[in-house]
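Notes for the one structure printed next.
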Amino acid sequence: MQTDLKGRIEIRESTLLNVLEILISALNMKMQPGDLDPDTPLFGSGLGLDSVDAVVIIVELESRFSLRISEEEGRRALRTVNTIVDLILSKEYAND
Amino acid sequence: MKVVITGLGAYCALGSCVKELWDAIEEGKCGIGPIKRFDTALFDTGIGGVIPGDDNSESDEKRLLSYALKAANEALNNAHISDNSIVSLVLGTSNGIMGRDINEISYNLADELNLGGFIITVSTACTSSSHAIGFAADLLHRGSARVVIAGGADLLTRDVFAGFHSLGLLSKTPCSPFSSSPGTTLGEGAAFLVMESEETSRHRGVHAQALFMGYGISADAFHDTRPDPGGSGISRAIINALGSSGLKPGDIDYINAHGTGTAANDSSEWRGIQSALSDHSNKLPISSSKSYYGHTQGAAGALEAITTITAMQHNVIPPTLNYTRPRPFSPVDPVAGTRPRPYNTRFALSTNSGFGGVNTALVFGRKDEAYKPLSTTQRSLSVVGYGLNLEEDYINRFIPYDDLRSTDMSAKLLAGVVAMILNDAGIEFRSDECDKIGLFVGQDHLSDESLKALDKSISERGIRHLSASAFTRLVINYPAGVCCRLFGFKGPVAAISAKPDSGMAALYLGADNLARRNDTDLMIIASVDDHKHGKDKSAGAVGLLLRAGDERSPIRLTGWSLSRKSDKGTEEALKMDDLKPGNTASGPLISSAGSPGLCALIDTIKNINHTDQNSFLIRSEKDLNYMGIDIIIEKKYQYANRPERKNRNT
């Protein structure tokens with residue numbers, strides 16, 4: 001039980017770092033992964049991303065994690081970095 | 001002066017001439033079908049308004065020229081032009097031949113037709129050819145041109161299709177603007193109108209087919225691709241168009257809307273129409289002809305103008321095809337149906353909007369409509385600020401980098417010079433004054449950086465997953481759009497390309513626009529070039545700020561003209577202010593920044609106090625195969641004590 005939880009936390013942390021790095025490079029943001037709070041809203045008053053950025057993020061995530069993200073999934077997941085991580089983990093470990 | 005339209009020519013998926021186009025509309029035919037020219041298997045949809053043709057090996061360059069030639073020849077024949085040497089060309093294109101100088105198609109076309117007038121290219125994405133029609137009228141009003149052929153041409157290429165696909169804008173079925181299922185369908189083609197003064201047409205013995213009443217341009221200053229949801233941009237364009245035609249909202253009988261079919265465009269356009277025309281909009285038939293031939297990009301404005309005029313001639317209104325159920329925030333009367341509706345239109349509006357946040361509205365009148373053209377008074381112009389920017393990162397001193405994270409070098413260079421010019425002029429404006437600030441940019445090509453980013457994304461991830469953000473930067477007016485957004489300019493915006501000097505051509509058109517129209521008070525004229533050419537030319541941006549009606553300013557812009565023979569243009573420019581020829585400014589130029597002419601002008605202004613001379617002629621001519629552009633500036637008085645400018649550069 002303990003090791004299982006520890007393993008999950010490790011996986012989540014490495015995925016989070018991965019997503020942060022992908023966002024920063026795909027969107028050309030001049031910041032480090034540590035500067036970005038994973039609970040900051042991506043759009044609106046948060047990071048101020050727009051619909052074109054959303055397309056860029058989806059395409060980038062699909063090609064880096066080799067998965068398909070439907071429009072509906074994308075709409076739900078693209079709120080914060082953490083919700084993106086949730087989506088990727090749910091897809092990657094769907095069969096666990 | 002009355003501007004009349006004496007010739008029409010069209011070539012698109014719906015027909016290879018105006019008659020075929022109109023017959024198809026009368027029969028309720030749709031020109032949209034499966035695309036065969038390139039493979040669409042990778043995409044979620046494979047339809048377009050593509051011109052049939054079996055020759056897949058034909059180069060884009062040849063194909064585009066053949067479209068333009070077919071439409072232009074029809075228009076010239078239709079107008080009974082026997083002597084092409086009196087004809088000028090204003091051509092609008094969004095893509096031109098991708099990756100090459102945007103004006104190539106215009107010079108190729110002018111060469112084929114042996115045109116003897118001026119050649120100007122406008123590239124403002126989907127409003128390109130509407131801009132061209134407006135500027136053609138300006139050339140006629142100024143008396144620079146006798147007859148102008150104005151319109152546009154664009155191709156539907158795989159890359160453009162993939163770009164719209166990646167942005168999720170394409171419909172799986174032929175687009176149905178204002179109707180329940182959103183999405184657009186791309187198209188291609190060419191369309192041209194022959195325009196001249198009523199006097200010239202009478203002299204030539206040809207009949208007017210319609211009247212060109214006026215036009216309006218505006219910038220959204222909202223987002224690089226998404227229209228302002230409140231529609232304030234399109235509303236300002238309509239208000240400016242009515243103002244320049246001397247009409248009231250109630251005079252408009254029909255609107256041929258941009259109506260791309262996308263959720264973002266259609267609702268914002270309807271809101272804009274509502275706010276410009278208030279209650280009158282509820283009674284007004286408003287249709288989109290894109291349901292017939294798709295979104296023909298840079299040719300859309302001219303093709304839709306021709307559809308509007310032809311419908312007016314037949315005493316009908318073209319419907320919106322494929323319409324099923326109304327979408328929220330859509331016109332009360334979208335003219336749903338498959339057959340034109342009998343209607344006696346006296347005055348019609350044709351609206352367009354494009355990437356980069358730009359809107360246009362054109363007003364056409366019936367040929368026999370009696371109206372008195374507005375008398376225009378010319379306002380005096382002064383140069384109130386200038387700048388030359390050679391550093392890509394200069395703009396970062398003014399604006400936090402986050403705002404510019406996904407932009408390119410051209411946009412940064414231009415934004416830098418605009419910041420510099422405003423700083424130099426010491427101008428601070430309230431937000432309600434932004435509606436009257438315009439930006440005309442001379443620019444010949446897309447940013448290399450964005451072109452490379454698109455190519456890289458295609459080669460790495462495949463065409464389906466091309467970089468959406470790079471694609472949205474691939475319109476010539478992108479840097480101008482970024483500046484409007486950053487600085488809040490909401491007046492007329494345009495990107496212009498013309499040999500020998502695009503910056504000077506932008507200055508000619510911008511000065512004329514500012515002096516004759518009262519919908520703009522301040523106009524920034526700039527030029528940008530991100531190519532490094534060698535030791536005497538360098539990447540950069542250069543520009544100046546013009547103000548209308550400022551009697552206190554020491555430096556005036558008093559003359560501007562175009563010419564094909566060197567002395568004549570200079571004479572004309574001098575005549576504007578009863579001047580004697582001064583000297584042509586030359587001297588060591590530190591940079592070209594896309595426009596040696598604007599650099600020379602700024603150089604002259606910098607040194608204006610060190611000479612006793614009062615008037616200066618700046619002339620751009622390299623080869624009179626193209627044209628000469630003359631600009632005259634005058635020193636009204638010595639300004640030894642120029643007030644210190646507030647420095648925002650901290």
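Keep in mind the model is a prediction, meaning the values are calculated, not measured. In what follows, chains carry the letters A, B, and so on, assigned in the order in which the sequence lines appear, proteins first and then strands, with residues in each chain numbered from 1.
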*asked:* Tell me whether A:Q32 at atom CD has more than 12 heavy atoms from other residues, nucleotides or ligands lying less than 6.0 Å away.
replied: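 Check fails, neighbour count at 12 or below.
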*More than 12 non-hydrogen atoms from neighbouring residues, nucleotides or ligands closer than 6.0 Å to CZ on B:F329, yes or no?*
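No, the 6.0 Å shell around CZ holds no more than 12 heavy atoms from other groups.
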_Which atoms of B:S469 approach chain A - backbone, side chain, both or neither, heavy atom under 4.5 Å_ =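 Both parts, heavy atoms under 4.5 Å.
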_Heavy-atom contacts under 4.5 Å, residues 49-63 of chain A to chain B_ =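 Residues A:L49, A:D50, A:S51, A:V52, A:D53, A:V55, A:V56, A:V59, A:E60, A:E62, A:S63 are the ones that qualify, each having a heavy atom under 4.5 Å from chain B.
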*In Å and rounded to the nearest 0.5 Å, what is the CG to CD distance from B:D44 to A:E71?*
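B:D44 atom CG to A:E71 atom CD measures 9.0 Å (nearest 0.5 Å).
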